[in-house]
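The figures here come from the full heavy-atom set of this structure, side chains too, leaving out hydrogens, waters and symmetry mates.
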Amino acid sequence: MRPSADPGFSVAGALALDSLAARIAAELDGLAQLSGEVQLALSLCHFAEHTDPAAIRGLQRLDRITQALEDLGRLMAALSREIPQELQADSRPLLSQLRLQGLIHALARPGPAAAAPHAAPPADPPIEDGDVQWF
């Protein structure tokens, strides 16, 4: 199912493909870090003594997700260095495929993305202690 276009979607114009690839690499790196943090958080949880082995195998797959995100981040960073700087694409058909406004803005921000592949992701707002809501 394709995400519907946001009527407030205001990102327009050409996107430099090398910068876009570098920004995607930075997003993938950030997601790999988050995945690693989830792994650590889960390892600190105390599970029932007789946790279903299938559930444990499912949790162990997080490591596979983390490794794949790291690899894809490195691939996109390398690709961004290989794409000629003059190559551009219209941002609307590309970014209209995304639902997360924060991601759209991160990928479409103006200016070069020279530091993007190794830039730290923006700081998340502080998380208050409390109940976890699974959805």
Side-chain angles (χ1 to χ4, degrees):
M1 184 171 123
R2 276 191 175 193
S4 60
D6 179 2
F9 187 78
S10 62
V11 178
L15 271 175
L17 294 182
D18 63 328
S19 295
L20 177 61
R23 290 183 182 120
I24 292 171
E27 290 294 326
L28 288 166
D29 287 343
L31 291 171
Q33 287 179 342
L34 287 174
S35 179
E37 290 172 15
V38 169
Q39 282 179 299
L40 178 60
L42 284 172
S43 72
L44 298 174
C45 291
H46 298 286
F47 293 100
E49 193 172 310
H50 299 289
T51 303
D52 180 24
I56 297 298
R57 282 191 299 277
L59 292 172
Q60 289 172 336
R61 290 185 183 122
L62 279 173
D63 185 54
R64 166 75 167 83
I65 293 169
T66 301
Q67 290 180 39
L69 288 168
E70 289 169 346
D71 276 354
L72 291 170
R74 283 191 297 274
L75 176 66
M76 288 304 296
L79 180 62
S80 74
R81 293 186 295 271
E82 297 297 321
I83 296 173
Q85 291 181 351
E86 64 275 3
L87 285 182
Q88 298 186 353
D90 182 12
S91 63
R92 280 189 187 256
L94 296 175
L95 299 178
S96 69
Q97 301 303 304
L98 304 176
R99 292 183 293 177
L100 300 174
Q101 288 298 310
L103 184 57
I104 291 169
H105 293 293
L107 296 179
R109 69 181 181 268
H118 303 292
D124 290 330
I127 297 173
E128 296 180 23
D129 289 337
D131 294 334
V132 175
Q133 295 181 4
W134 299 98
F135 56 95

Which pairs of donor and acceptor atoms, one on a side chain in residues 70-78, lie under 3.5 Å apart (sequence neighbours left out)?
from: Asp71; atom 1: OD1; to: Arg74; atom 2: NH2; distance (Å): 2.3

What one should report as the nearest heavy-atom pair of Leu15 and Ala108 is CD2-CA, 4.0 Å

Which distance, rounded to the nearest 0.5 Å, do you find between the CD1 of Ile24 and the CG of Leu103?
8.5 Å

Main-chain N/O of Ala14 paired to Ser91 side chain as donor or acceptor, under 3.5 Å:
no

With rounding to the nearest 0.5 angstrom, report the CG to CD distance, Leu17 to Glu82.
14.0 Å

Spacing of CD belonging to Gln88 relative to CD1 belonging to Ile83, to within rounding of 0.5 Å:
12.0 Å

The reported gap from OG in Ser43 to CG in Leu62 (rounded to nearest 0.5 angstrom) is 10.5 Å

Which atom pair, heavy atoms only, marks the closest approach of Ser35 to Leu69?
CB-CD1, 4.4 Å

Test side chain to side chain donor-acceptor pair (under 3.5 Å) applied to Asp29 and Gln33, step by step:
CA-CA 6 Å; Asp29 287 343; Gln33 287 179 342; over 6 Å; no

Determine, using the 4.5 Å side-chain heavy-atom cutoff (strictly less than), whether Leu34 and Leu100 are members of one ILVMFWY cluster.
yes

Separation between CG (Asp63) and CD (Gln39), nearest 0.5 Å, reads 5.0 Å

Any donor and acceptor pair, going by atom type alone, linking the side chain of Arg23 with main-chain N or O of Leu20 inside 3.5 Å?
no

Heavy-atom closest pair (Gly36 atom, Thr66 atom, distance to 0.1 Å) is N-OG1, 3.8 Å

Donor-acceptor contact below 3.5 Å, side chain Arg61 vs main chain Ile56
no

Which heavy-atom pair separates Asp90 from Gly13 by the least distance, and what is that distance?
OD1-O, 3.4 Å

Is it the case that over 12 heavy atoms from other parts of the model lie below 6.0 angstrom from the CD atom of Gln85?
no

